[in-house]
Amino acid sequence: MNIQMQLCGLIIILLILYFYKRQETVGLYTEALFRRAAYICIGCLALDILSVIFIMGRSMLPDLLVRSECKLYLASLVGTGYAALTYACADAFGLMQVNRFIKKMGIATAAVSVIIFLLPVHIYHEGRTVYTYGPACVATYIGAVSLIIATLIYTAKRGTRMNPRRRRAIRTWMGIWLAAAVVQFFNSGMLLVGFASALGIVILFFELENPESNLDRGTGFFNARAFIDYVKFKYNNKNKGCCLIISLDNAHASDIRIEHMEDILAEVTEFIGRIPETKRFKTDEKEFLLAFESREQMERAYTIIGNRFQEEWLMGMENVTPVSLQPYYLLVPNAEVANSAEEMLGYIKYFRSHSLDNPDEHTIVIDADSVAKKRERDAMLTTIIQAMDEDRVEVFFQPIYATETRRFVSAEALVRIRREDGSIIPPGLFIPIAEETGLIVKLGERVFEKVCVFIKKYAPEQYGVEYIEINLSVVQCEAKSLAKCYSEIMDRYRINPAFINLEITESASILTRKTLLDNMRTLINYGVSFSLDDFGNGQSNLNYIVDMPVHIVKFDRDMTQAYFENEKAKYVLQAATDMIQGLGLKVVAEGVETAEQLQKLERLGIDYIQGYYFSKPIEQDRYIEFLKVKNAS
Ligand code: C2E
Ligand code: MG
Ligand code: MG
């Protein structure tokens, strides 16, 4: 009997199904379709074998039964083609569209099956070789080949929207099947088509559906790739659910010794394994993600998890001191905040990295509010980039008054973005975003270059200006290339470096301080001087003034204002001024708004005054006009 191939195919699929069933699956639509394709394929192979047996024993069986069985087998071949097609389109577009398409093809498949049953089938039986032929077989070929071609056209047309692995797997399967059909068409005794279907299932299993490939080896939870498929599946189904991410990244659990991390992760894995009503994912080295169907389930789990994490870990281990863990949580109480899977995955990525930058925030909720803020931030980012492209970044100047000479000897250059409608965006709205994204490097360079152009064009020294102060962001100071870049710009415009004073603020990390110092030394050797900006804003450290090669210290507006309002602050500012001047440095008071304030600070001996009392930051032309009038005498 020529049933060896079919038997082989049957055994292969049964084995695959056996392994498949032993593993937990994510619960995706494609998984259900894969199982369905495998079952149809088993049915097809069983019917194939049975038809050969029936034909062999046809002398003992009613003819109608034998022919019906053969036709059933033929119909199941078309059914397998249908299963392949439905599997192929599973992730290429939304479920609604897929359903409509699949329904149409389902009706066509059913119609072909009816035709197969209506048409006659001929039986060939010669020695050990049996096969069927005739009109019913031709209808089967036409039906199956049409489905194969439909699938291939589909993967070609929708290919870019398909998972490339799925596209490749489906195409390979269809190719094998088509080849088998051609061989069997010209050599009817070789019953290859059923076996080719089995090979298709093998390909799908190894390329796409092996549950093992969705699992994290260490924990047995689903992995990050499975999470992406899961989210896409949820959004395609319009059934979105919610999720909770628990991260033990070191920024949040800094007192953990590295050698204990593995034990802790094992203990946490064990604990998370017991959380009910959830799908568990291990999405990063120290990150777990739990997905829930409802918000209530998530909140219940969040309480259980929160309570457990307040206790200590590694309790039962010998010679190990128990530790407390402070994970950070990312909550998505309602996935409706995003319109698509891609959007949601983008939010998770963004808020995750955001939380790493802010170790003090332990719980971040991705909800309408936070998403609106993120969108605003994205819009601002676009605004900055566009403004830079379209040259709408401007520099305003705020005059600085020298109490000794009673002249405006300097100015602070302050960046502005001009909107297309002519209105101005203040730096408070875009500098933090530019810093967060690194755009500040290019923006800072642009400001610096504009100041150089201004100096070249107006030669403000003729009006009594001695230097211009320009802000440097901490992020800029972290770049090793800063000094080189700025000196090149000064060279290009032939600016006297003594005319440039760069304002720095205190940077927290030692690492950035080293780069900052290198940059400062190079620029100081070149002739540039430095100010320490924002002194007194809460993070000030007197040592910083001693350590850093700055010429000027600028009192923050809050510190200046406090001087007039609060006795204690008054003594602090007086003492700080004495100390700074004792070190041979100059002092600027920012935020001076009234004549009375000016007088008091002059009496105190502050060297320079900057504030609205004299002028707000103004455009370059107005600044020159200001100088012409005020520094006239
Ligand atoms: P800052 O460097 O401390 O600049 C002083 C800020 O105080 C300016 O705000 C100025 O307009 C404001 N100010 C000065 N006098 C008074 C006053 O009497 N009353 C009040 N209420 N405010 C006064 P602005 O221009 O909005 O800049 C805000 C901050 O943005 C700056 O603070 C600086 O940190 C940053 N910034 C501005 N331009 C740049 C730039 O080109 N690069 C970088 N990295 N940061 C910049
Ligand atoms: Mg400043
Ligand atoms: Mg300041």
Side-chain angles (χ1 to χ4, degrees), residues 380 384 387-388 392-401 408 410-418 424-454 467-479 482 485-486 489 500-507 516 519 529-540 550-565 587-598 600-601 606 608-620 622-623:
M380 186 51 83
I384 304 172
M388 285 177 68
R392 284 187 282 103
V393 173
E394 292 186 15
V395 179
F396 278 35
F397 294 88
Q398 186 176 31
I400 296 175
Y401 177 79
F408 293 89
S410 173
E412 178 170 2
L414 293 154
V415 66
R416 302 285 184 264
I417 282 181
R418 196 175 288 279
I424 290 286
I425 311 177
L429 294 184
F430 61 86
I431 291 283
I433 294 165
E435 286 183 331
E436 201 183 302
T437 52
L439 217 60
I440 189 72
V441 175
K442 286 266 159 269
L443 187 65
E445 267 173 47
R446 179 72 65 90
V447 170
F448 188 74
E449 186 167 355
K450 289 208 171 238
V451 173
C452 291
V453 171
F454 163 78
Y467 60 93
I468 301 282
E469 295 181 5
I470 306 157
N471 290 282
L472 265 188
S473 153
V474 174
V475 180
Q476 286 177 275
C477 302
E478 286 170 7
L482 174 84
C485 168
Y486 273 32
I489 296 177
I500 301 290
N501 178 284
L502 296 173
E503 293 186 4
I504 55 158
T505 49
E506 291 188 26
S507 63
L516 167 65
N519 275 320
S529 64
F530 281 86
S531 301
L532 179 68
D533 199 3
D534 294 348
F535 185 80
N537 75 348
Q539 297 165 23
S540 309
V550 292
H551 291 69
I552 300 172
V553 176
K554 298 189 78 173
F555 288 162
D556 181 53
R557 178 169 170 260
D558 289 347
M559 179 145 165
T560 310
Q561 290 300 324
Y563 176 77
F564 306 112
E565 290 158 9
V587 175
V588 182
E590 284 188 313
V592 177
E593 294 187 350
T594 65
E596 195 195 337
Q597 290 176 353
L598 169 66
K600 284 187 179 165
L601 293 169
I606 299 283
Y608 302 107
I609 306 287
Q610 179 183 352
Y612 287 1
Y613 173 67
F614 291 119
S615 169
K616 288 192 169 179
I618 43 179
E619 283 143 297
Q620 52 184 24
R622 283 184 57 205
Y623 173 54

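Both backbone and side-chain heavy atoms feed into the values below; hydrogens, waters and symmetry mates do not. This is a predicted model, so every value here is computed, not measured. As the structure lists them, so they are numbered: ligands from 1, and atoms in each ligand from 1.
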Legend entry - Atom indices of ligand 1, in the order listed, that fall short of 4.0 Å to a heavy atom of P617: 11 (O)
Inset, instruction - Using a strict cut-off of 4.0 Å, indicate which atoms of ligand 1 neighbour a heavy atom of V447. - result: 41 (O)
Legend entry - For atom 28 (C) of ligand 1, the protein heavy atom that lies nearest, with its residue and separation: P427 CG, 3.9 Å
Inset, instruction - Note the single closest protein heavy atom to atom 37 (C) of ligand 1, along with its residue, its atom name and the distance in Å. - result: L414 CD2, 3.5 Å
Inset, instruction - Just to the nearest 10 degrees, tell me the angle at the Mg ion (ligand 2) spanned by E503 OE1 and E412 OE2. - result: 100°
Inset, instruction - Give a yes/no on ligand 1: does E435 have at least one heavy atom closer than 4.0 angstrom to it? - result: no
Legend entry - D534 backbone or side-chain N/O/S under 2.8 Å from the Mg ion (ligand 2): no
Inset, instruction - State the CG-CE distance between L429 and M380, to the nearest 0.5 angstrom. - result: 5.0 Å
Inset, instruction - Counting heavy atoms only, name the option from S473, G444, P426 that's nearest to atom 44 (N) of ligand 1. - result: S473
Inset, instruction - Answer yes or no: is there a donor N or O on one side and an acceptor on the other, between the side chain of E394 and the main chain of R418, under 3.5 Å? - result: no
Inset, instruction - Answer with yes or no whether G428 contacts ligand 1, where contact means a heavy atom under 4.0 Å from a ligand atom. - result: no
Inset, instruction - May I ask you to check whether E593 has an N/O atom sitting below 3.5 Å from an N/O atom of ligand 1? - result: yes
Inset, instruction - Please could you name the atoms of ligand 1 that I431 approaches to less than 4.0 Å, counting only its heavy atoms? - result: 43 (C), 45 (N), 46 (C)
Legend entry - Where the Mg ion (ligand 3) is the vertex, angle from D533 OD1 to E590 OE1 to 10°: 110°
Inset, instruction - Any chance you could measure I440, atom CD1, to I431, atom CD1, to the nearest 0.5 Å? - result: 4.0 Å
Legend entry - Sub-4.0 Å atoms of ligand 1 with respect to non-hydrogen atoms of D533: 1 (P), 2 (O), 3 (O)
Inset, instruction - Ignoring hydrogens and angles, state whether a donor on the side chain of Q620 or K450 is under 3.5 Å from an acceptor on the partner side chain. - result: no
Inset, instruction - Might you check, step by step, whether the distance between atom 9 (O) of ligand 1 and some protein heavy atom is under 4.0 Å? - result: no
Inset, instruction - Report yes if some N/O of Y612 lies less than 3.5 Å from some N/O of ligand 1; otherwise report no. - result: yes
Inset, instruction - State the CD-CZ distance between E619 and R416, to the nearest 0.5 angstrom. - result: 10.0 Å
Inset, instruction - May I ask you to check if ligand 1 and N471 share an N or O to N or O distance below 3.5 Å? - result: yes
Legend entry - Atom of N519, atom of C477 and distance for their closest heavy-atom approach: ND2-O, 3.2 Å
Legend entry - K616 touching ligand 1 at heavy-atom level, < 4.0 angstrom: no
Inset, instruction - For residues L414 and P617, report the shortest heavy-atom separation together with the two atoms involved. - result: CD1-CG, 3.6 Å
Legend entry - Minimal non-hydrogen separation, S615 against Q398, with atom names: O-NE2, 3.1 Å
Inset, instruction - Could you tell me whether atom 41 (O) of ligand 1 has a protein heavy atom closer than 4.0 Å? - result: yes
Legend entry - E469 and ligand 1 - part of the residue with a heavy-atom distance under 4.0 Å: neither
Legend entry - Heteroatom N/O/S of S531 within less than 2.8 Å of the Mg ion (ligand 2): no
Legend entry - Subset of ligand 1 atoms that lie under 4.0 Å from at least one heavy atom of E503: 2 (O)
Legend entry - Heavy-atom protein contact below 4.0 Å for atom 23 (C) of ligand 1: yes
Inset, instruction - Taking all non-hydrogen atoms of both residues into account, name the closest pair between Y608 and I400 and its distance. - result: CB-CG2, 3.7 Å
Legend entry - Taking every non-hydrogen atom, the tightest pair across E449 and I489: CA-CG2, 3.9 Å
Inset, instruction - Heavy-atom distances under 4.0 Å are what count here, so tell me which part of R557 touches ligand 1: side chain, backbone, both or neither. - result: side chain
Legend entry - Distance filter under 4.0 Å to D534 heavy atoms, resulting ligand 1 atoms: 3 (O)
Legend entry - Whether over 12 other heavy atoms sit under 6.0 Å from E596 CD: no
Legend entry - Parallel, tilted or perpendicular, as decided by the 30° and 60° cut-offs, for the rings of F397 and Y623: parallel
Inset, instruction - Any chance you could measure Y612, atom OH, to E590, atom CD, to the nearest 0.5 Å? - result: 10.5 Å
Inset, instruction - Please round to the nearest 0.5 Å and tell me the distance separating atom CZ of F448 and atom OH of Y486. - result: 6.0 Å
Inset, instruction - For atom 14 (C) of ligand 1, state which one of Q398, E590, Q597, Q610 supplies the nearest heavy atom. - result: Q398
Legend entry - Residue portion contacting ligand 1 (non-hydrogen atoms closer than 4.0 Å) for E412: side chain
Inset, instruction - Find the distance between NZ (K442) and SG (C485) and round it off to the nearest 0.5 Å. - result: 7.0 Å
Inset, instruction - Can you spot which of D556, I504, D558 makes a side-chain contact (heavy atoms from CB on, under 4.5 Å) with D534? - result: D556
Inset, instruction - Before signing off on this row, confirm whether V415 and ligand 1 have an N or O atom pair separated by under 3.5 Å. - result: yes
